[in-house]
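Labels below follow one simple rule: chain letters A, B, ... track the order of the sequence lines, proteins then strands, and each chain is numbered from 1. Worth knowing before you read on, the calculation uses all heavy atoms, side chains too, and leaves out hydrogens, waters and symmetry mates.
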Protein chains: 2
Amino acid sequence: MVVETLSPDEVDRLFQALADATRRDILARALTGEHSVTALASRYEMSFAAVQKHVAVLERASLVVKTRRGREQLVTADPDALAAARGLLEQYEALWRLRVAAIDDLLADG
Amino acid sequence: MVVETLSPDEVDRLFQALADATRRDILARALTGEHSVTALASRYEMSFAAVQKHVAVLERASLVVKTRRGREQLVTADPDALAAARGLLEQYEALWRLRVAAIDDLLADG
DNA sequence: CTAACGTGCAACCAAATGGTTGTAGAAACT
DNA sequence: AGTTTCTACAACCATTTGGTTGCACGTTAG
């Protein structure tokens with residue numbers, strides 16, 4: 001899929017979803033394989049409902065997708081959103097390089 | 001400076017700080033030049049105190065640094081934290097590539 | 001010296017977050 | 001058919017977040 005242009009709200013949800021250690025751990029598991037919500041929940045010292053909410057946050061951020069297999073719901077990562085986030089940070093770094101270049105020019109001219 | 005290893009809490013603060021459009025805008029300005037807190041505040045439709053809090057959040061995430069110049073406080077970006085965040089996302093993408101490679105191997109062997 | 005400016009901080013408020021327990025429905029096993 | 005498993009969701013609670021106003025303090029300008 002092509003890299004989409006994200007609205008500010010989507011970027012908010014993206015970084016918000018990444019701002020929690022449990023969710024980053026769930027994301028890492030979802031990146032390496034398919035796991036049901038219960039399988040994921042068994043890994044953490046919190047209730048099933050809490051893990052379910054974390055998965056929902058990752059889903060709203062488009063970082064993971066759920067697909068039904070019988071009575072369980074398989075959570076898998078969508079690397080596109082991840083790439084979008086990385087792309088945003090690269091844009092910020094490009095801004096920084098612009099500034100450094102401008103300062104260099106000033107020093108060279110002076 | 002060398003890329004540091006970040007604690008989970010530091011990563012939380014990093015992504016949390018990036019999860020707000022106003023803060024991302026402040027960061028973009030801080031990346032391209034030095035601005036006092038009042039100068040930044042004049043750009044947004046909210047109180048000075050609100051902008052001051054946003055700058056404090058960016059500061060706790062090590063994304064910006066404040067340096068005194070007379071009675072004003074100049075906000076400048078620290079690109080190291082930005083690079084750290086991008087590096088983290090690259091690690092997640094590396095996980096994804098591992099998974100893709102494993103699936104490819106399965107298909108090749110089968 | 002006095003006034004104005006830039007900042008920091010506390011108190012307060014509404015809304016969102018991260019957790020809990022409990023209930024209920026759909027799918028699967030016996 | 002009945003029971004268990006997996007998931008979803010509501011209600012509730014404490015804490016955090018994002019905003020406000022007001023006040024105090026150091027620094028600069030007149």
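Phosphate contact (OP1/OP2 of C/dT17, side-chain N/O of A/His54, threshold under 4.0 Å): absent. Within the 4.0 Å cut-off from OP1 or OP2 of D/dA8, at least one side-chain nitrogen or oxygen of A/Gln73 is found. Distances shorter than 4.0 Å separate some side-chain N or O of A/Ser47 from OP1 or OP2 on C/dT20. Contact check, B/Gln52 against C/dC9: no side-chain N or O comes under 4.0 Å of OP1 or OP2.
One can place CD of A/Glu45 at 10 Å from P of C/dT20, the figure rounded to the nearest angstrom. As a whole-Å value, the separation of A/Lys53 NZ from D/dC13 C1' is 10 Å. A straight line from CD of B/Glu72 to C1' of D/dA29 spans 14 Å, rounded to a whole angstrom. C/dA27 atom P lies 15 Å from atom CG of A/Leu74, rounded to whole Å. As rounded to whole Å, 15 Å separates atom P of C/dG6 from atom NZ of B/Lys66. Distance CD1 (B/Ile26) to C1' (D/dG19): 13 Å, rounded to an integer number of Å. At whole-Å resolution of the value, CZ in A/Phe48 and C1' in C/dG22 are 14 Å apart. The CZ atom of A/Arg71 sits 11 Å away from the P atom of C/dA27 (whole-angstrom rounding).
A/Gln52 CD to A/Leu40 CG: the interatomic distance, rounded to the nearest 0.5 Å, is 11.5 Å. To the nearest 0.5 angstrom, A/Trp96 atom CH2 is 10.0 Å from B/Leu82 atom CG.
When each of A/Val57 and B/Ser36 is assigned the nucleotide of DNA chain C with its nearest heavy atom, B/Ser36 is the one assigned upstream, toward the 5' end. Of the two residues near DNA chain C, A/Asp20 and A/Arg68, the one whose nearest nucleotide lies more 5' is A/Asp20. Comparing B/Ala19 and A/Val37 by the nucleotide of DNA chain D whose heavy atom lies nearest to each, the residue mapping closer to the 5' end is A/Val37.
Within the 4.0 angstrom heavy-atom criterion, no nucleotide atom of any strand lies near A/Arg69. As judged by a 4.0 angstrom heavy-atom cut-off over every strand, A/Thr22 is placed among residues making no nucleic acid contact. Using a 4.0 Å heavy-atom criterion, one finds that B/Ala56 contacts no nucleic acid atom at all.
Across all non-hydrogen atoms, the minimal contact from B/Thr5 to B/Glu10 is O-OE1, 4.1 Å.
Using a cutoff of 4.0 Å between basic side-chain nitrogens and carboxylate oxygens, A/Asp9 and A/Arg13 are not scored as salt-bridged.
Looking at B/Arg29 and B/Asp25, their side chains come closer than 4.5 Å, going by heavy atoms from C-beta outward.
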